[in-house]
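The chain is numbered in sequence order, starting from 1. Just follow the structure's listing: the first ligand is 1, and inside any ligand the first atom is 1.
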Amino acid sequence: MKALKLKRDDLYTYLESLKSYGELWGPVAKGEKYVYARLTNVRDVALGALRTIIPPKKFFVPPRFTMFRYTDDHYAESFDDVKPRVLFGLHPCDIHGLLILDELFLERFPDPYYKRRRDATAIVGLSCIPDDKCMARSTNTHAVEGGFDLAFNELGNNYLVWIGSSLGDDLVRLNLDLFSEDIEPEDLKTYLAWRRKRDSRYKLSFDLTGMPDIMELSWDSPMWNELAEKCLACGSCSMVCPTCNCYNVRDVSDLTLNSGVRERHWDSCMNKEYALVAGGHNFREARAERLKLWYTHKLKAFITEYGKPSCVGCGRCIDTCPVDINVAEVIRGLTGQKVTL
Ligand code: SF4
Ligand code: SF4
C-alpha cells in the first residue's frame with residue numbers, strides 16, 4: 001500500500017476536487033452530535049467528529065427503499081438513488097463495520113441492492129482519537145489495512161494518505177499536485193507517536209478471548225432476565241449498530257392489486273414482532289430471549305463463522321440505549337464482573 005502526504009492546509013481544496021467523482025458526504029455537527037450529510041460546503045465537515053448517530057450503513061442499506069416495481073407480468077428493479085458518491089471521514093471502526101456488511105451482502109448470496117451502492121461509493125477514511133466510549137482497540141478495529149480507497153491519518157501539519165485501491169489512486173489524480181511522495185524519517189516518528197497517543201486514550205476495554213464458549217455457558221445466566229427487566233425493546237441499538245443488518249420486506253400494491261412496489265426496511269430482532277410467524281407463534285416473545293439473540297450474534301455466532309466479533313467497538317450502543325444496556329456492560333456481566341446498570 002502506497003502512502004503520500006497532503007498538507008493540512010490543502011485539505012479543503014482536495015475535498016472540493018473529490019466532488020468531480022460524485023456527491024461528497026462527510027460528518028457534520030448536529031447539536032452536540034454528528035451525522036453524515038452532503039458537503040455542499042466542504043468547510044462544514046467536522047474533522048474532530050467521533051461516532052455519527054447513524055453509521056455509514058445507511059448509504060449501502062438505506063433505512064427504507066424500493067427494491068422493484070411490479071405489474072401483472074413484469075417487474076423492474078429500482079436503483080434510482082444510486083449515484084457516484086464519496087464518503088469522507090469514515091473512522092477505522094466504521095470501515096471494519098462495512099467489511100462485515102461486505103461479508104454478509106457480497107459473499108455467499110450477493111445482494112444486488114447493496115452491491116450497486118457499494119460499487120458506486122468511494123470510501124475515504126480519517127484517523128481519530130478515541131473518547132471514553134470507544135472500544136475499538138478491544139475488538140481490534142482501531143486501525144485499518146484495507147476496506148478503503150483512501151485513508152487520511154493525522155501527521156502534524158500534514159496528513160499521511162494511504163492509497164488502498166486503484167480507485168484511490170484515481171482519486172489522488174483528481175488533484176495530484178497537492179500530494180507529495182517525500183515521506184521523511186521524521187514523519188515515521190510523528191506517525192508512531194500519534195499511534196501511541198491514540199492507543200493510550202482507550203478507557204474502555206474488554207477481553208474477547210473464548211467469548212463463544214463464555215456465551216454458550218451463560219445461556220441460562222440470570223443476567224439476561226435482569227437486563228430484560230430494564231430493556232424497553234425500542235430497537236435503537238439495532239438502528240445505530242454499524243453491523244446490525246436485519247430487514248423486512250413488504251409489498252405495497254395499488255388498489256387494483258395489479259401493480260405496486262416491493263419495499264425493504266430496517267428491522268430489529270429486539271422488536272417483539274420480529275420472530276412472530278403465521279399462526280401466531282412467537283419464537284422469541286420474551287425480551288430476555290431477544291437480548292440473548294442480539295448478543296449471540298455479536299459475540300458468538302459471528303466469531304464462530306468468521307473468526308471475529310460483529311462488534312467493531314464504535315460505542316454507539318453506549319450513546320444510544322436509554323437504559324444503558326450496551327456491549328461493554330454485557331461483557332462485564334458475562335465475565336463475572338459487576339454490572340453497573
Ligand atoms: S437494549 Fe436498549 S436500545 Fe436496545 S432495545 Fe433494549 S432499551 Fe432499546
Ligand atoms: S455492539 Fe455497540 S459498540 Fe459494538 S458495533 Fe454495535 S453499536 Fe458499536
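The local environment of CG in Leu176 is crowded, with over 12 non-hydrogen atoms from other residues, nucleotides or ligands closer than 6.0 Å. The number of heavy atoms from other shown groups lying within 6.0 Å of CZ (Arg85) is above 12.
Contact annotation for Trp294 and ligand 2: only side-chain heavy atoms (C-beta onward) come within less than 4.0 Å of the ligand. Proximity of Ala233 to ligand 1, defined as any heavy-atom pair under 4.0 Å, is confined to the backbone N, CA, C and O atoms.
Of the candidates Asp111, Asp81, Asp102, Asp81 is the only one forming a salt bridge (charged side-chain N to carboxylate O under 4.0 Å, His left out) with Arg117. Partner of Phe302 under the side-chain contact (heavy atoms from CB on, under 4.5 Å) criterion, out of Thr296, Leu104, Thr243: Leu104 alone.
Using a 4.0 Å cut-off to heavy atoms of Met135, the atoms of ligand 2 that qualify are 3 (S). Close approach of ligand 2 to Cys317 is summarised as follows: ligand atoms under 4.0 Å from at least one heavy atom of the residue are 1 (S), 2 (Fe), 3 (S), 7 (S). Taking a cut-off of under 4.0 Å to the non-hydrogen atoms of Val312, the atoms of ligand 2 that pass are 4 (Fe), 5 (S). Of all atoms in ligand 1, listed by their number and element, those nearer than 4.0 Å to a heavy atom of Val323 are 7 (S).
Closest protein heavy atom to atom 4 (Fe) of ligand 1: Cys237 SG, 2.3 Å. At the top of the distance list for atom 2 (Fe) of ligand 1, counting protein heavy atoms only, stands Cys321 SG, 2.3 Å. If you check which protein heavy atom lies closest to atom 3 (S) of ligand 2, you get Gly315 N, 3.3 Å. Counting protein heavy atoms only, atom 7 (S) of ligand 1 is closest to Leu232 N, 3.2 Å. Protein heavy atom at the shortest distance from atom 8 (Fe) of ligand 1 is Cys234 SG, 2.3 Å.
In this structure, Glu77 does not pair ionically with Lys115, as no charged nitrogen and carboxylate oxygen lie closer than 4.0 Å. A salt bridge between Arg173 and Asp169 is present, with a side-chain N of the basic residue lying under 4.0 Å from a carboxylate O of the acidic one.
A distance of 6.0 Å or more separates the ring centres of Tyr274 and Phe283.
The closest heavy-atom contact to atom 6 (Fe) of ligand 2, among the options Cys241, Cys314, Cys244, Ser138, comes from Cys241.
Considering only heavy atoms from C-beta on, Asp324 stays 4.5 Å or farther from Glu329 through its side chain.
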